[in-house]
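Ligands are counted one by one from 1 in listed order, and the atoms in each one are counted from 1 as well.
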Amino acid sequence: MRTDTLLGLQRSPYEVIHRDELLFQVVHQSSELWLKLATAELTETAVQTDAGELSVAETLLARATLALRLITDQLDMLTRISPMDFQAMQPAFGNGSGAESPGWRQVQAASRRLGRAFDGQLAHHGVPAAKLYPVDLSDPLHRLAEAMVEWDERVSLWRVRHYQVALRVGSHPPATTPGSPTTMLAKLAGHRFFPELWQARICSPVHENGTAAP
Ligand code: HEM
């Protein structure tokens, strides 16, 4: 399992300039590991979607979505660092920007790849995205669409939580100044990889008795 190598990747108590560095590194490094898994599952989801294996794709996408939930929950651990302690250990981590996170960059590329694969399936089945809803859960195409909406929502939930952590621990002012880091974070929380699916859900006509309109 190469755990020796893994456990050697954190600065030792003799190297740290602040004792909370270990907490920060554990959250950051484990987030990258889960994102690595999420990227692998997402990439395979796209491959399976291209191949028309939509139920397999849905199953794999659920794994990626669960990985995102886990890294969202572990952001809570960062709130145990005080803003003063966080500032004190900043020199240990240099000027690295969060946007440089390899895991997040790859997750974004893999999400776009999945979007293209799904569009290919819509074209293959002759179903425009706008006609995908109301959902028919016996149809693998519809179930995959719902799994993609859930993935999109999970990305957004991570971003919302991360934004709050940046305010609380990073002592960044709220998103009021145009172009500020927190304005960018707040805006990103509204980003969707699959906006046409969200749009189709909103517009989907439903009868008063809850059944789909013709
Ligand atoms: C106390 C901890 C943290 C603080 C105060 C913080 C703060 C920030 C700030 C101010 C930004 C916007 C400016 C920039 O790009 O640097 C940012 C962006 C970002 N950070 Fe963090 N961050 C923290 C922890 C983390 C962790 C654990 C991750 C996990 C990989 C992470 C990933 C990112 C990503 C991916 C972005 C780009 C924006 C996005 O895609 O939503 N950050 N962070």
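- Phe193 meets the ring pair (Phe, Tyr, Trp, His ring centres under 6.0 Å) test with His191; sequence neighbours excluded.
- Partner of Arg113 under the side-chain hydrogen bond (donor to acceptor under 3.5 Å, both in side chains) criterion, chosen from Thr43, Thr49, Asp50: Asp50.
- If you check the side chains of Ser82 and Asp85, you find a donor sitting under 3.5 Å from an acceptor.
- For His172, there are no ring pair (Phe, Tyr, Trp, His ring centres under 6.0 Å) partners, not counting sequence neighbours.
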Could you tell me, for ligand 1, which of its N or O atoms are under 3.5 Å from any protein N or O, listing the pairs and their distances rounded to 0.1 Å?
from     : atom 1 : to     : atom 2 : distance (Å)
ligand 1 : 15 (O) : Ser97  : OG     : 2.8
ligand 1 : 16 (O) : Ser97  : OG     : 3.3
ligand 1 : 16 (O) : Gly98  : N      : 3.3
ligand 1 : 20 (N) : His162 : NE2    : 2.8
ligand 1 : 22 (N) : His162 : NE2    : 3.0
ligand 1 : 40 (O) : Arg159 : NE     : 3.4
ligand 1 : 40 (O) : Arg159 : NH2    : 3.0
ligand 1 : 41 (O) : Arg159 : NE     : 2.9
ligand 1 : 42 (N) : His162 : NE2    : 2.9
ligand 1 : 43 (N) : His162 : NE2    : 2.9

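- Side-chain atoms of Glu146 and His142 form no donor-acceptor pair, as typed in the model, at a separation below 3.5 Å.
- Scanning for side-chain hydrogen bond (donor to acceptor under 3.5 Å, both in side chains) contacts around Gln106 gives an empty result, with sequence neighbours left out.
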